[in-house]
There are 2 protein chains.
Amino acid sequence: MLPFKELITINRLLPAPVYQQIANQLISLIHEGIIKPGTALPSSRQMAEILSVHRKTIVAAYEELSAQDWISSTLRKGVTVSKDLPEIKPRSFKALIKKPPYHGDTPFGFSGVSISSAAAAPAAEHRFIINDGFPDARIAPVEMLLKEYNRLFRIPAVQRKIVYGELAGAASLRMALAKFLSETRGLNISENNMLVTRGAQMAIYIVARMIIKPGTTVIVGEPNYGLANMLFLNCGARLVRVAVDENGIDVDAIEKICKKKKPGLLYVVPHHHHPTTVTLSAQRRMKLLQLIRAYNFPVIEDDYDYDYHYNSSPILPLASADHDGNVIYIGSIGKSFATTVKTGYMVAPQNFIQAALQVRRLIDIRGDNLMEEALAALFESGDMQKHLKKSLKLYHERRDMFCSLLEQELGNRIRFQKPAGGMALWASFHKKNPLQVVSQKASAMGLFMGDGSFYNTGPVNYNSLRMGFASLNEREMRESVEVLKKVLK
Amino acid sequence: MLPFKELITINRLLPAPVYQQIANQLISLIHEGIIKPGTALPSSRQMAEILSVHRKTIVAAYEELSAQDWISSTLRKGVTVSKDLPEIKPRSFKALIKKPPYHGDTPFGFSGVSISSAAAAPAAEHRFIINDGFPDARIAPVEMLLKEYNRLFRIPAVQRKIVYGELAGAASLRMALAKFLSETRGLNISENNMLVTRGAQMAIYIVARMIIKPGTTVIVGEPNYGLANMLFLNCGARLVRVAVDENGIDVDAIEKICKKKKPGLLYVVPHHHHPTTVTLSAQRRMKLLQLIRAYNFPVIEDDYDYDYHYNSSPILPLASADHDGNVIYIGSIGKSFATTVKTGYMVAPQNFIQAALQVRRLIDIRGDNLMEEALAALFESGDMQKHLKKSLKLYHERRDMFCSLLEQELGNRIRFQKPAGGMALWASFHKKNPLQVVSQKASAMGLFMGDGSFYNTGPVNYNSLRMGFASLNEREMRESVEVLKKVLK
């Protein structure tokens, strides 16, 4: 007899009643040819003893099986598995248990991403993290947001609204954002120019899918935001890399390219460039706008970090100027809030937004409209703006503190410019301190830092790192710098 | 002199100081050529009067502009705009105000979705909604979830963990799901076979991107889940439609196709088929498994609705049987919870999951790892299972109530089979009651219902509708049926 006790497991915490669980597992064994058609099963009394359950539980299970024609029950033969099932070549159940279908590779081929990079992440042992430039989640008004979420959730009108929801994102958030962007970025837009996405990355993804075909020329800065390059390449783009210096991307080089052949797309990060933190100068912006108007090509302006500018007023984005509708403006609320509340947006002419909606629908239908309503409430109450103001002040102080500390303690070993804004500085290390080695040594001492590979988006190894100061308080800064002093030559 | 009072707006609620807002807007006007190089600006005293601010605010604004080389200030000439800016051909500022760049169409072309359909949605005036078959959000333990989210958010170790997070989804949730799926679906998997996504749709999207190339043959049922067809077509698939009858998809027809040429992909919904609600019979499942093993082609098993089965035990999914790793199993937690908590998952061999991670990373990097941790906690505490058990009981009652009510009041006007499970029934209407007309009339009487177009995925107009009963309480059912009695002939 088969070892039913080992083959059948019962879990009383599950929704499915015990008799169903038993019936399911017997069906499975028949499926697999472990129990062959025509064989006899133990009587209900015997099976109840084997599985340590009440007899009526087995009776119910057998009734299930009988109702689905898996077994028949006669006085003479007892309970037997139906003969009318297709003969299945059985795998030995030992083989079944040892090599379940998900324990090997797929038998079929598939394509993933042509270029990818491992995403290193901190482990539990790391006491300090120098991150890529993320906000300090500890100061985000998450509790306020969740309270609002819960409050809205209980309102019947809202409950009805979110059943189908809004593809473009909750109208209240799009309106609040349109207003906020008008006032802070000089954008003249309505909520119909906006699509709310799961973070800025999804917005970039959607635009890439709509504009890039295999062979499309895409101009990017070098170095660049790594996930943008990977995404464009995965869409089949031909990447043309243009140098980024202390004034931003080389606009004269872009002009040379345009004069030969108009690009299919330009991706640019004019504020607090990723990774170098530089800002595109006023003169270069104006020249770039002339090129955009003259040659009429689409531009993704990734302005993920507009709100944190410390030195002078932030220069207005390209999107606020005269670009004839060529500039698709992308930003992020999450970047100003906490990295788990990934909410971004795309600003574009309405015809583009309407098409983008449909593309987005295929990806994940829509966002969390309720979370969007809650975020809108924080804008309307002024709490979001207050939070931004408070973060701006704090991150300004932290920038100054971190830069002084680094200058003081490691000025001769790390090269960096104090950034005009943003949440990270761009630090270069001498080749006697290769980042792969440095980060491993630091890790052993409890400090997580990147190994810089993410930023090597071209042929050059910059041996440089974005060092995020926004999420470090004073103690964490000092302790991190202490570790760096020990691991750097 | 230019009408500075009209051209410059000040908002004291914003993070940016007033002097910065003024400086920004002056720069903008210079950008646009409204204020030409070499022109004189009002003195700080004059400007302060025009804008109704303190003189020192204007002094600060002018200092900003001067620091950025937009203006120079001399005793003799006063404040003048720098001459060394490129000459810009100005648009008349009236034209600027009337036709901002986002108010027209894009000047460039782009591609959206080849086939799309309008997504109708309820409006505020609708008192009742017959939906596609969504769970009743009112009974979901959202407050418990948010409490857990907030609790986790305050834990320093968790805060550190979510800075970079986990691409595949929080390990705790993948482990809880792997355990849950092992016990309820008979899947023998580990957390490394799982990728958590933003709902089942994202999982289907990722698989489609990895497997479908232009020209790939994809077998689907007819009718089918509309967004799946749209997605596959958008990837360039050649759709082969196979009829779905009361026993599910026609597996003999699939065999005929395989004998000619192996398909690139099969998409199947064996439990509570969308839209028809039928379940693939045991015999057809076994035959399908034989075909899968014999011809070795990938299968998406969309099991979005496994947990709500009322009649007998749910038949185990294809994924739990011997498929050699060909079946990619997709499901949803959100479908059992509330439509805003869109969390789905993909189960596949590890090599496929590793590649899928990288594809997902380009879309939106990762999910809300904190929300995933909170969901995991609900599994671990047993609260999720309790909720499923309670929902199962409630939806079973509602199915019975709704079916009796429809039979009783509209039995001669609506044709439907009582579904064995799921959250909706599939109702066919006589052609004298075209759904487009019926739904408009119902809408005028406060009842939102679909017009059925979403389900016409082939050449046939089924004039049928999924009628979701799970989110209707008794009163809502009766009132909805009252409206239907009035609008149906």
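Computed from a prediction, not measured in an experiment: that's the story for all the values here. We name chains A, B, ... by the order of the sequence lines, and we start the count at 1 in each one.
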Tell me, for [X] versus chain B, whether the close heavy atoms (under 4.5 Å) come from the side chain, the backbone, both or neither.
X: A/Leu357; value: neither
X: A/Ala208; value: neither
X: A/Phe352; value: both
X: A/Tyr329; value: both
X: A/Ala157; value: neither
X: A/Leu146; value: both
X: A/Val347; value: both

Just give me the residue among [options] that pairs up with chain A most often, heavy atom to heavy atom, under 4.5 Å.
options: B/Ile211, B/Leu187, B/Leu227, B/Thr197; answer: B/Leu227
options: B/Ile129, B/Val142, B/Val341, B/Ile328; answer: B/Val142
options: B/Glu183, B/Met371, B/Lys390, B/Arg285; answer: B/Glu183
options: B/Gly382, B/Ala321, B/Ala355; answer: B/Ala321
options: B/Leu289, B/Val163, B/Asn369, B/Asn296; answer: B/Val163
options: B/Met210, B/Glu63, B/Met202; answer: B/Met210

Could you tell me which portion of [X] (side chain, backbone, both or neither) has an atom closer than 4.5 angstrom to a non-hydrogen atom of chain A?
X: B/Ala228; answer: neither
X: B/Ile206; answer: neither
X: B/His126; answer: backbone
X: B/Lys213; answer: side chain
X: B/Leu231; answer: both

Those residues that, when tested against A/Lys389, pass salt bridge (charged side-chain N to carboxylate O under 4.0 Å, His left out) (two or more places apart): none
For A/Arg154, salt bridge (charged side-chain N to carboxylate O under 4.0 Å, His left out) partners two or more places apart: B/Glu143
So, do [X] and [Y] sit near enough that their side-chain heavy atoms are less than 4.5 Å apart?
X: A/Ile189; Y: A/Ser182; answer: yes
X: B/Tyr149; Y: B/Asp368; answer: yes
X: B/Pro298; Y: A/Phe110; answer: no

Test your reading of the model: is there a side-chain donor-acceptor pair from [X] to the backbone of [Y], 3.5 Å cut-off?
X: B/Gln201; Y: A/Leu362; value: yes
X: A/Ser320; Y: A/Leu316; value: no
X: B/Gln20; Y: B/Ala61; value: no
X: A/Asp136; Y: A/Arg138; value: yes
X: A/Ser28; Y: A/Asn24; value: no
X: A/Glu64; Y: A/Tyr19; value: no

Between [options], which residue shows the highest count of heavy-atom pairs closer than 4.5 Å to chain B?
options: A/Gly199, A/Gly186, A/Ala348; value: A/Ala348
options: A/Asp105, A/Val327, A/Asp364; value: A/Asp105
options: A/Gln350, A/Arg198, A/Glu166, A/Gln25; value: A/Arg198
options: A/Asn192, A/Thr9, A/Leu392, A/Asn193; value: A/Asn193
options: A/Ile204, A/Leu388, A/Ile10, A/Ile363; value: A/Ile363
options: A/Arg366, A/Arg127, A/Lys342, A/Gln385; value: A/Lys342

Check: B/Ser471/B/Asn131 side-chain N/O donor and acceptor closer than 3.5 Å: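 Yes, because at least one side-chain N or O of B/Ser471 sits under 3.5 Å from a partner of the opposite role on B/Asn131.
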Carboxylate-amine/guanidinium contact A/Arg185 A/Asp307, below 4.0 Å: yes
Criterion ring pair (Phe, Tyr, Trp, His ring centres under 6.0 Å) on A/His323 and A/Phe297, from CA distance to verdict: CA-CA 10 Å; A/His323 54 75; A/Phe297 53 88; over 10 Å; no
